[in-house]
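Written below as structure tokens is the structure these notes are about.
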Amino acid sequence: QVHLVECGGGLVQAGGSLRLSCAASGTIFSINTMSWYRQAPGKQRELAAAITIGGITNYADSVEGRFTISRDNAKNTVYLQMNSLKPEDTAVYYCNANVRESYYISDYVGWGQGTQVTVSS
């Protein structure tokens with residue numbers, strides 16, 4: 001089993017910045033895609049940003065230009081640098097990873113426990 005632990009959430013004023021990190025541990029052969037999802041109060045969980053093992057990124061329109069996702073494959077860690085934060089960015093942010101334990105078996109989805117990001121106006 002893979003364990004994903006998010007760090008870096010907190011309270012920040014509008015216009016400020018936060019950096020989230022998510023470290024994966026356990027039996028890991030490779031992690032294809034690592035992603036950050038977020039869920040605001042009263043809304044469904046949505047994809048904020050994703051990055052492949054090769055560094056290809058994908059962002060939600062609402063965060064593109066303000067957020068940057070990156071990863072350190074040697075550390076099995078993904079980061080989300082969040083700049084110019086807005087109150088509407090307030091949400092619980094969840095780390096997601098497509099994990100392979102062996103070259104010969106398919107991957108599975110792992111989720112972190114979530115970290116709260118609150119942006120005050």
Side-chain angles (χ1 to χ4, degrees):
Q1 295 182 344
V2 66
H3 298 272
L4 302 173
V5 180
E6 300 99 334
C7 296
L11 175 64
V12 65
Q13 290 184 315
S17 299
L18 284 173
R19 191 187 193 216
L20 307 182
S21 64
C22 171
S25 62
T27 303
I28 301 172
F29 176 77
S30 66
I31 302 178
N32 181 23
T33 302
M34 302 189 80
S35 309
W36 288 97
Y37 286 76
R38 65 183 186 179
Q39 187 167 19
K43 296 185 177 181
Q44 296 188 43
R45 186 171 57 186
E46 65 174 357
L47 176 68
I51 184 169
T52 70
I53 193 170
I56 300 173
T57 58
N58 183 39
Y59 297 95
D61 291 342
S62 58
V63 309
E64 190 162 13
R66 299 186 298 117
F67 291 10
T68 302
I69 188 170
S70 61
R71 62 189 288 174
D72 185 335
N73 293 333
K75 297 180 179 179
N76 288 323
T77 300
V78 63
Y79 306 92
L80 187 67
Q81 179 66 47
M82 304 184 293
N83 299 324
S84 301
L85 283 163
K86 304 175 181 179
E88 52 262 43
D89 295 319
T90 296
V92 177
Y93 285 71
Y94 296 92
C95 178
N96 170 279
N98 294 117
V99 180
R100 296 186 70 176
E101 295 183 345
S102 169
Y103 180 82
Y104 299 102
I105 62 176
S106 60
D107 58 353
Y108 64 92
V109 178
W111 289 94
Q113 82 286 351
T115 185
Q116 177 70 48
V117 172
T118 302
V119 184
S120 62
S121 60

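Index from 1, following the sequence.
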Check whether any side-chain heavy atom of Thr90 lies under 4.5 Å from a side-chain heavy atom of Gln116, and answer yes or no. yes

Between Tyr108 and Val2, is there a donor-acceptor pair closer than 3.5 Å when you use the side chain of the first and the backbone of the second? yes

What one should report as the nearest heavy-atom pair of Val92 and Gly114 is CG1-CA, 3.9 Å

Does a side-chain heavy-atom distance below 4.5 Å link Val117 with Val119? yes

Side-chain donor or acceptor of Glu6 paired with backbone N/O of Gln113 under 3.5 Å: yes

Rounded to the nearest 0.5 angstrom, the CZ-CZ distance for Arg38 and Arg45 is 14.0 Å

May I ask you to list the residues sharing a hydrophobic cluster with Leu11, side-chain cutoff 4.5 Å, ordered by chain and number? none

May I ask you to list the residues sharing a hydrophobic cluster with Tyr103, side-chain cutoff 4.5 Å, ordered by chain and number? Phe29, Tyr104

Quick one: side chains of residues 12-21, donor-acceptor pairs under 3.5 Å with protein atoms, not counting sequence neighbours, listed by atom name and distance.
from: Ser17; atom 1: OG; to: Asn83; atom 2: OD1; distance (Å): 2.9

Any idea which heavy atoms bring Arg100 and Asp107 closest together, and the distance? CG-CB, 3.3 Å

Output for pair (Thr33 OG1, Ile56 CD1), nearest 0.5 Å, gives 9.0 Å

Distance-only donor-acceptor pairs under 3.5 Å for side chains of residues 63-72, two or more places apart:
from: Arg66; atom 1: NH1; to: Ser84; atom 2: O; distance (Å): 3.0
from: Arg66; atom 1: NH1; to: Asp89; atom 2: OD2; distance (Å): 2.7
from: Arg66; atom 1: NH2; to: Ser62; atom 2: O; distance (Å): 2.8
from: Arg66; atom 1: NH2; to: Asp89; atom 2: OD1; distance (Å): 3.0
from: Arg66; atom 1: NH2; to: Asp89; atom 2: OD2; distance (Å): 3.4
from: Arg71; atom 1: NE; to: Asn73; atom 2: OD1; distance (Å): 2.6
from: Arg71; atom 1: NH1; to: Asn32; atom 2: O; distance (Å): 3.0
from: Arg71; atom 1: NH1; to: Ile51; atom 2: O; distance (Å): 3.3
from: Arg71; atom 1: NH1; to: Thr52; atom 2: O; distance (Å): 3.2
from: Arg71; atom 1: NH2; to: Ile31; atom 2: O; distance (Å): 2.7
from: Arg71; atom 1: NH2; to: Asn73; atom 2: OD1; distance (Å): 3.3
from: Asp72; atom 1: OD1; to: Ala74; atom 2: N; distance (Å): 3.1
from: Asp72; atom 1: OD1; to: Lys75; atom 2: N; distance (Å): 3.4

When you take the SG atom of each Cys, Cys22 and Cys7, is the space between them under 2.5 Å? no

Return each pair, listed once, that meets ring-ring contact (aromatic ring centres under 6.0 Å, His included) where at least one residue sits in residues 77-102; pairs must be two or more places apart or across chains. none

With clusters defined by side-chain heavy atoms of hydrophobic residues (ILVMFWY) lying less than 4.5 Å apart, directly or transitively, does Val5 cluster with Ile28? no

Got a sec, which residues hit ring-ring contact (aromatic ring centres under 6.0 Å, His included) with Tyr37, two or more places apart in sequence or on another chain? Trp111

